[in-house]
Amino acid sequence: MEHLKHLNEKQREAAIHKDGPLLIIAGAGTGKTSTLTHRILHLVKEGVAPSEILAITFTNKAAKEMQERVDALLEKHGFSTGLRFGDAKPFVGTFHSLGVHILRAHAEVFGFTKHFAILDKNSAGSLMKEAVKEQGLDSKQFSPDRIANVISRQKGNLVTMEAYKADVGNAYFPMIVASVWERYEGFLKREKALDFDDLILKTVILLRDHPEIRAQYHARWKYIHIDEYQDTNGVQYELARLLSGVNKNICAVGDGDQNIYSWRGANLQNILNFEVDYEGAQTILLEENYRSTQTILAAANEIIKKNTVRKDKNLFTRNSSGDKIGLIASYDEGAEARAVGEKIKYLITSGTNPEDIAVLYRANFQSRALEEAFLLAEVPYQVLGVRFFERKEVKDILSFIRAALNPDSLSDIKRIIDSPPRGIGKSTLAKMFAKDEATLTPAAQKRVSEFWKLLSDIKDYALVEKTSQLIKFVSEKSGIEASLKTGHDEDNERLENIHELVTLATKYDILPPEEAVEKLLGDAALASDQDSLMKNASAVKLMTVHASKGLEFPYVFVTGLEQDLFPHRRMGAGAVSKEDEEEERRLFYVAITRAKKKLYLSYASVRTIFGQRQVNAPSEFLSDIDDAHTEQEEVAGEYNEPVIRLDW
């Protein structure tokens with residue numbers, strides 16, 4: 001099998017498995033993407049049509065990488081996939097993009113058109129605030145964010161609003177949640193919109209309650225692949241089960257040791273119970289790591305072996321032992337940040353690319369001291385989370401398009417009605433929503449009529465022209481472009497962002513116009529934080545450990561390794577459960593396995609948290625690593641004196 005010659009023995013075993021359920025336990029850096037893509041290639045070589053293969057992962061970044069690698073492999077081996085996103089290819093995407101794909105094809109079942117809006121987090125949050133307000137509740141006492149989190153968790157557990165409402169009984173807060181949820185659902189229905197959680201929940205309901213539609217997808221996708229299976233929640237688990245059909249040709253890939261999202265519903269038991277759920281499943285362990293040095297892997301194995309709820313495995317590598325793990329001990333968070341900054345500056349002046357360095361922390365508040373130190377040391381950096389699709393001018397352009405395709409999307413209309421200003425105030429807007437435009441003054445009626453005509457023109461244009469040209473059209477006809485041509489630096493930057501949106505949209509120009517604009521809007525709504533990493537490559541990356549999942553860097557600094565910070569304990573929390581303890585240990589395991597060449601671990605003896613300075617013991621995780629794998633880093637005296645030294 002010449003096409004599998006680059007795989008190791010266990011990877012080949014996974015790639016050639018064809019029928020029946022398969023569980024691939026893939027440790028960090030063991031080449032799971034290569035294994036999955038070659039498995040897809042092998043299926044095609046065995047006579048499976050590319051369009052009969054489905055591969056689902058969690059992030060857009062991972063899906064994009066997998067799609068590109070699958071396309072390249074199939075092309076290389078003579079299976080032309082063509083230029084379209086269509087039936088000639090395996091379907092590679094995220095759970096959410098899969099939901100969008102299926103729901104758009106069957107939107108009429110829910111009383112929608114295929115142009116239904118997808119609310120991003122901010123738009124959904126605005127509707128939730130409105131729902132809380134309309135229930136006569138004090139948003140300070142009943143936080144819309146808290147209620148939204150409860151509802152999101154329930155949807156992730158496959159619970160509908162009707163089921164939740166029927167089960168709350170007389171419990172006070174659940175009754176409040178049920179009333180707000182019902183009002184929120186009414187807003188969504190009014191706007192013919194879905195939030196992120198609905199994209200999967202309603203897909204599961206569709207497939208569960210309509211056997212003829214389920215059979216249609218069984219016939220289409222005969223081989224199912226689910227990446228990062230350890231991160232699936234209840235509704236994602238059920239979607240995978242429904243799609244696997246009677247043949248159970250499902251390949252689940254994951255690593256229980258990297259389950260770090262229980263706080264958002266990920267269920268570790270899904271991967272631990274796979275062999276029970278899918279009788280006769282074959283299990284293959286990928287343990288050979290291609291990413292890290294032996295020293296880093298030795299530390300990782302020592303850390304994770306203390307967990308008891310896991311499938312046993314032991315990472316190994318043919319790579320060199322590499323450098324020892326550097327320990328940086330500092331007096332306080334300011335000294336720690338300066339020490340890390342100076343160490344990074346030394347790496348950069350020694351020839352290391354800034355983009356090859358990442359600084360990880362357990363909690364977002366830790367970034368402030370690091371940013372101050374990096375500015376002082378003139379270290380270029382980027383904090384993960386400033387997203388292209390979150391910029392106002394980008395969101396405005398996309399809102400014009402969404403409103404044109406779906407005039408019932410009131411959230412989008414609210415956003416754009418006076419952006420740029422067109423003389424339509426709140427009272428006029430209220431009459432527009434109430435379909436009471438006849439009572440407006442003639443001048444107001446004219447402005448409203450012109451607005452509806454603009455949306456109509458945008459829709460007509462969107463259905464016949466290339467997407468990149470559509471962005472230009474909206475920018476010009478809406479007046480946004482003219483309003484930004486003032487010469488101010490901020491306005492110029494916003495205009496450049498619109499130009500960048502045009503550039504981005506060209507990749508959709510190969511699709512038929514209607515399909516292209518739907519794809520653009522879907523991708524924009526589903527964009528993840530990791531997508532922003534590509535916008536400024538020549539900079540050190542700062543991010544939480546959770547955000548680093550799936551990434552890798554030659555040099556990694558894990559900061560704030562102090563007891564109760566990492567492992568983390570919420571303020572005011574009581575005893576930490578065994579489940580939480582093991583998840584914190586898995587989180588540290590994820591952090592250190594991001595490093596390819598050199599790993600640095602740092603902590604401060606004193607740290608100011610929520611305005612209070614407190615003395616901290618070094619993290620228990622440090623004592624789990626054999627001294628033979630570590631060395632104290634030399635840093636300037638001002639950064640590491642006085643340090644409370646504990647013999648761990």
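- Side-chain contact of Ser97 with Thr94: a donor-acceptor pair under 3.5 Å is present, judged by distance alone.
- For Ser399 (side chain) and Lys395 (main-chain N/O), a donor-acceptor pair under 3.5 Å exists by modelled atom type.
- Contact annotation: the side chain of Glu355 approaches that of Lys541 to within less than 4.5 Å [non-hydrogen atoms, C-beta and beyond].
- Take Lys114 and apply the side-chain contact (heavy atoms from CB on, under 4.5 Å) test, not counting sequence neighbours, and it matches Arg104, Glu514, Glu518.
- Here the closest heavy-atom approach between residue Leu495 and residue Leu484 is recorded as N-CD1, 4.0 Å.
- Considering all non-hydrogen atoms of both residues, Ser179 and Gln135 come closest at CB-NE2, 3.3 Å.
- Glu515 has no carboxylate O lying under 4.0 Å from a charged side-chain N of Lys519, or vice versa, which leaves the two without a salt bridge.
- Side-chain contact between Lys477 and Ile458 is absent, with no heavy-atom pair separated by less than 4.5 Å.
- Nearest heavy-atom pair across Leu455 and Ala404 is O-CB, 3.3 Å.
- You'll find the side chain of Ile56 reaches within 4.5 Å of the side chain of Leu54, heavy atoms only.
- Here Lys155 pairs with Asp198 in a salt bridge; the nearest charged N to carboxylate O distance falls below 4.0 Å.
- Checking side-chain atoms of Glu191 against main-chain N and O of Ser411 turns up a donor-acceptor pair under 3.5 Å.
- Between Lys549 and Asp231, the closest side-chain pair of non-hydrogen atoms falls below 4.5 Å.
- To the nearest 0.5 angstrom, Ile147 atom CD1 is 7.5 Å from Met128 atom CE.
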Mind running side-chain contact (heavy atoms from CB on, under 4.5 Å) on Asp227 and Leu36 for me, showing each step along the way?
-> CA-CA 9 Å; Asp227 193 13; Leu36 261 181; 4.2 Å; yes
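- Under a 4.0 Å N-O distance rule, the pair Glu65/Arg69 qualifies as a salt bridge.
- In this structure, CG on Leu384 lies 9.5 Å from OG on Ser548, to the nearest 0.5 angstrom.
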Show your reasoning for whether side-chain contact (heavy atoms from CB on, under 4.5 Å) applies to Phe557 and Leu360.
-> CA-CA 6 Å; Phe557 292 76; Leu360 311 182; over 6 Å; no
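- In terms of modelled atom types and a separation under 3.5 Å, the side chain of Ser475 and the main chain of Ile498 share no donor-acceptor contact.
- The CD1 atom of Ile118 sits 9.0 Å away from the CG atom of Asp523 when rounded to the nearest 0.5 Å.
- Within 6.0 Å of CD in Glu378 there are 12 or fewer heavy atoms belonging to other residues, nucleotides or ligands.
- The heavy-atom pair separating Leu587 from Val545 by the smallest distance is O-CG1, 3.4 Å.
- Rounding to the nearest 0.5 angstrom, the gap separating the CG atom in Asn406 from the CZ atom in Phe116 is 10.0 Å.
- Using modelled atom types, no side-chain atom of Ser143 and backbone atom of Ser139 make a donor-acceptor pair closer than 3.5 Å.
- No side-chain heavy atom of Leu239 sits under 4.5 Å from any side-chain heavy atom of Thr232.
- Judged by distance alone, with hydrogens and angles left aside, the side-chain atoms of Ser449 form no donor-acceptor pair with the main-chain N or O of Gln445 at under 3.5 Å.
- Annotation for Val340 and Val359: closest pair CG1-CG2, 4.3 Å, computed over non-hydrogen atoms.
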Output, in order, the C-alpha distance, side-chain angles, deciding distance and verdict of side-chain contact (heavy atoms from CB on, under 4.5 Å) for Met432 and Phe451.
-> CA-CA 11 Å; Met432 289 172 61; Phe451 176 76; 4.0 Å; yes
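- Remark: of the listed residues Lys446, Lys453, Arg447, Lys446 is the sole one forming a side-chain hydrogen bond (donor to acceptor under 3.5 Å, both in side chains) with Glu450.
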Given Thr203 and Val100, is the side-chain contact (heavy atoms from CB on, under 4.5 Å) satisfied, shown in steps?
-> CA-CA 8 Å; Thr203 302; Val100 171; over 6 Å; no
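- Within the 4.5 Å cutoff, the side chain of Tyr184 has heavy atoms near those of the Asp195 side chain.
- Counting heavy-atom neighbours within 6.0 Å of Lys345 NZ, excluding the residue itself, gives a total above 12.
- Under the ring pair (Phe, Tyr, Trp, His ring centres under 6.0 Å) criterion, Phe58 pairs with Phe95, sequence neighbours left out.
- The salt bridge (charged side-chain N to carboxylate O under 4.0 Å, His left out) test with Asp408 singles out one residue from Lys192, Arg190, Lys189, and that residue is Lys192.
- Of the possible polar contacts, one joining the Arg594 side chain to the Leu551 backbone as a donor-acceptor pair under 3.5 Å is found.
- Checking side-chain atoms of Asp120 against main-chain N and O of Asn122 turns up a donor-acceptor pair under 3.5 Å.
- Note: Tyr217 and His106 have perpendicular aromatic rings, judged against thresholds of 30 and 60 degrees for the angle between ring planes.
- Contact detail for Ala444 and Thr428: the closest heavy-atom pair is CB-OG1, 4.5 Å.
- Residues Glu371 and Val383 are in side-chain contact: their nearest non-hydrogen atoms beyond the backbone lie under 4.5 Å apart.
- The CD atom of Gln154 sits 9.0 Å away from atom CD1 of Ile151, with the distance rounded to the nearest 0.5 Å.
- Among residue pairs with one or both ends in residues 426-440, none qualify as salt bridge (charged side-chain N to carboxylate O under 4.0 Å, His left out); sequence neighbours excluded.
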When you look at Glu372 and Arg368, which way does the salt bridge (Lys or Arg N to Asp or Glu O under 4.0 Å) test go after all the steps?
-> CA-CA 6 Å; Glu372 285 185 3; Arg368 184 196 59 79; 2.8 Å; yes
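- Electrostatic pairing of Asp356 and Lys596 does not count as a salt bridge here, judged by no charged N lying under 4.0 Å from a carboxylate O.
- Atom CD1 of residue Ile344 and atom OG1 of residue Thr349 lie 11.5 Å apart, to the nearest 0.5 angstrom.
- Between Leu405 and Leu521, some side-chain heavy-atom pair lies under the 4.5 Å cut-off.
- Between His546 and Tyr261, the ring planes lie tilted relative to each other; the angle falls in the 30° to 60° range.
- Under a 3.5 Å cut-off, the side chain of Arg153 and the backbone N or O of Trp263 do form a donor-acceptor pair.
- Sorted by first then second residue, the salt bridge (charged side-chain N to carboxylate O under 4.0 Å, His left out) pairs that include residues 123-134, not counting sequence neighbours, are Glu130-Lys414, Glu134-Arg183.
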What side-chain donor-acceptor pairs closer than 3.5 Å can you find for residues 461-472, not counting sequence neighbours?
unit_1 : atom_1 : unit_2 : atom_2 : d
Ser468 : OG     : Asp509 : OD1    : 3.4
Ser468 : OG     : Asp509 : OD2    : 2.6

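- For Ala55, the side-chain contact (heavy atoms from CB on, under 4.5 Å) partners at least two apart in sequence or on another chain are Ile40, Met66, Val92, His225.
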